[in-house]
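Reading through the structure tokens given below for one structure.
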Amino acid sequence: MAEYSKDNGQTGAEKIFRCEDCGKGYQHRWSLLRHKRIKREGKAFKCNICEKQFTYKQNLELHKVVHTGERPFKCSHCDKSYAKKSILKGHIHTHTGAKPFQCSHCGKEFGKSAHLHTHLKLHKEERPHPCDQCGRRFAAAGALKEHYRRHTGERPFKCKVCGKCFKYGGNKLSLHMRTHTGERPFKCDHCGKGFSHCGGLSRHKKIHAKEKHFECKQCGKVYKHIGHLQRHEKSHTIKTIWVASLENIENHCQTD
């Protein structure tokens, strides 16, 4: 289970390497060396379209797809594609239900490191975005924007098939679209049954958890726990001994 930090994707990690100029700390020596090189040389690679600057050439190449619209990284579960491999990796978690990023303060789990990073601000009580209608404060500008729709009633996300509108895009609209497409990307690894959302798959898996898997080889009776099967098998052993004893008694009586 990963825990977030800007330095290496983990939170709470001790930052023992510090820059003597600015005091900024890092967990790894290579992160400190990178920081020093950026301070010394600046960001040498510039985008010729928007003039955004990058420390490494490969980061510039990755950035260029923003302008070209190229999406070379395709999801194997659905027809979506992405400009960056890291974004695709986060998207795949919506299919698998994986939440590899865990908050070290409360244990809450997230599918994306960005969501955990926003959540961590709640523990630090960093809520720099206030609502001018009710005064409620938010850690992220996007969260404030979504909250504001409660006051305005705005529903900017519209289904292209039936015209139904939603306050929130992303998963809400994607889940609704599956009612039209019939897409069921969440597959049960026990029986192959598909579901339109991970919640349905999670509820379904509980059915398999209640199934009985341990079968007695002598009578075919099935048990959920191996301990129950072992106790049952002893009854066969006792019965076998009892039957054998009766047979010995009968044979002895016949001999007499």
Side-chain angles (χ1 to χ4, degrees), residues 1-68 70-73 75 82-132 135-148 170-171:
M1 186 66 66
E3 296 179 353
Y4 179 86
S5 107
K6 203 169 184 178
D7 184 20
N8 72 334
Q10 294 185 341
T11 191
E14 187 179 1
K15 297 179 179 180
I16 59 175
F17 298 96
R18 295 201 171 272
C19 175
E20 57 269 21
D21 295 322
C22 66
K24 193 169 184 180
Y26 296 89
Q27 187 191 2
H28 300 293
R29 187 170 180 271
W30 60 263
S31 298
L32 174 60
L33 293 175
R34 180 183 61 187
H35 165 75
K36 286 184 174 181
R37 187 169 73 82
I38 293 170
K39 289 189 72 172
R40 183 176 64 252
E41 301 175 6
K43 297 182 177 181
F45 301 95
K46 183 187 287 189
C47 175
N48 58 8
I49 299 174
C50 67
E51 298 189 348
K52 188 173 182 178
Q53 294 179 315
F54 298 87
T55 308
Y56 301 105
K57 186 177 181 180
Q58 59 263 38
N59 291 349
L60 172 60
E61 296 302 322
L62 287 171
H63 162 77
K64 283 182 178 179
V65 298
V66 173
H67 302 297
T68 63
E70 183 184 0
R71 292 173 173 259
F73 300 100
C75 177
Y82 296 89
K84 295 182 180 180
K85 189 175 182 178
S86 59
I87 300 175
L88 170 62
K89 190 176 180 180
H91 162 75
I92 287 175
H93 291 157
T94 64
H95 292 294
T96 62
K99 295 185 177 182
F101 301 97
Q102 186 179 46
C103 175
S104 60
H105 298 281
C106 65
K108 191 172 183 179
E109 297 170 354
F110 299 87
K112 296 180 180 179
S113 62
H115 294 169
L116 172 58
H117 183 54
T118 300
H119 167 79
L120 287 171
K121 292 180 180 179
L122 302 178
H123 292 293
K124 296 176 182 177
E125 297 185 354
E126 292 180 18
R127 301 189 182 213
H129 306 283
C131 173
D132 60 9
R136 186 176 174 184
R137 305 182 71 88
F138 296 87
L144 170 62
K145 188 175 181 180
E146 287 188 352
H147 162 79
Y148 205 71
N171 287 340

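The structure presented is a predicted model; accordingly, all values stated were derived computationally and were not measured.
The structure places NZ of Lys112 at 15.0 Å from NE2 of His117, a figure rounded to the nearest 0.5 Å. Remark: Lys108 NZ to His115 NE2 distance equals 11.0 Å, nearest 0.5 Å. We find the NZ-CD distance between Lys99 and Glu109 to be 7.5 Å, quoted to the nearest 0.5 Å.
The two atoms that bring Tyr26 and His35 nearest to each other are OH-ND1, 3.1 Å, heavy atoms only. Pairing each heavy atom of Gly107 with each of Gln102, the nearest pair is O-NE2, 3.3 Å. Taking both residues in full, the closest heavy atoms of Cys47 and Cys50 are given as SG-N, 3.5 Å, listed atom of the first, atom of the second, then distance. Cys103 approaches Leu120 most closely through the heavy-atom pair SG-CD2, 3.9 Å. Minimum heavy-atom separation, Pro130 to Pro128: CD-O, 3.2 Å. The two residues His93 and Gly111 have their closest heavy-atom pair at ND1-O, 2.8 Å.
Qualifying side chain to side chain contact (heavy atoms under 4.5 Å, CB included) partners for Arg37, counting only residues two or more places apart in sequence or in other chains: Arg40, Glu41, Thr55, Tyr56. Applying the salt bridge (Lys or Arg N to Asp or Glu O under 4.0 Å) test to Arg18 and every residue at least two apart in sequence or in another chain returns nothing. Qualifying salt bridge (Lys or Arg N to Asp or Glu O under 4.0 Å) partners for Lys64, counting only residues two or more places apart in sequence or in other chains: Glu61. Here His95 pairs with His91 under the side-chain hydrogen bond (donor to acceptor under 3.5 Å, both in side chains) rule; sequence neighbours left out. Among residues two or more places apart in sequence or in another chain, the side-chain hydrogen bond (donor to acceptor under 3.5 Å, both in side chains) test is passed with His63 by His67. Partners of Lys84 under the side chain to side chain contact (heavy atoms under 4.5 Å, CB included) rule, at least two apart in sequence or in another chain, are Ser86, Ile87. Listed by chain and residue number, nothing satisfies the salt bridge (Lys or Arg N to Asp or Glu O under 4.0 Å) test with Glu146 (two or more places apart in sequence, or in another chain). Residues meeting the salt bridge (Lys or Arg N to Asp or Glu O under 4.0 Å) test with Lys36, sequence neighbours left out: Glu20. Contacts of Asp132 classified as side chain to side chain contact (heavy atoms under 4.5 Å, CB included), with partners at least two apart in sequence or in another chain: Tyr148. A search for side-chain hydrogen bond (donor to acceptor under 3.5 Å, both in side chains) contacts involving His129 returns nothing, not counting sequence neighbours. Residues meeting the side-chain hydrogen bond (donor to acceptor under 3.5 Å, both in side chains) test with Asn48, sequence neighbours left out: none.
For residues 47-58, no pair satisfies salt bridge (Lys or Arg N to Asp or Glu O under 4.0 Å), with sequence neighbours left out.
Counting only heavy atoms from C-beta outward, the side chains of Tyr82 and Arg71 approach each other to under 4.5 Å.
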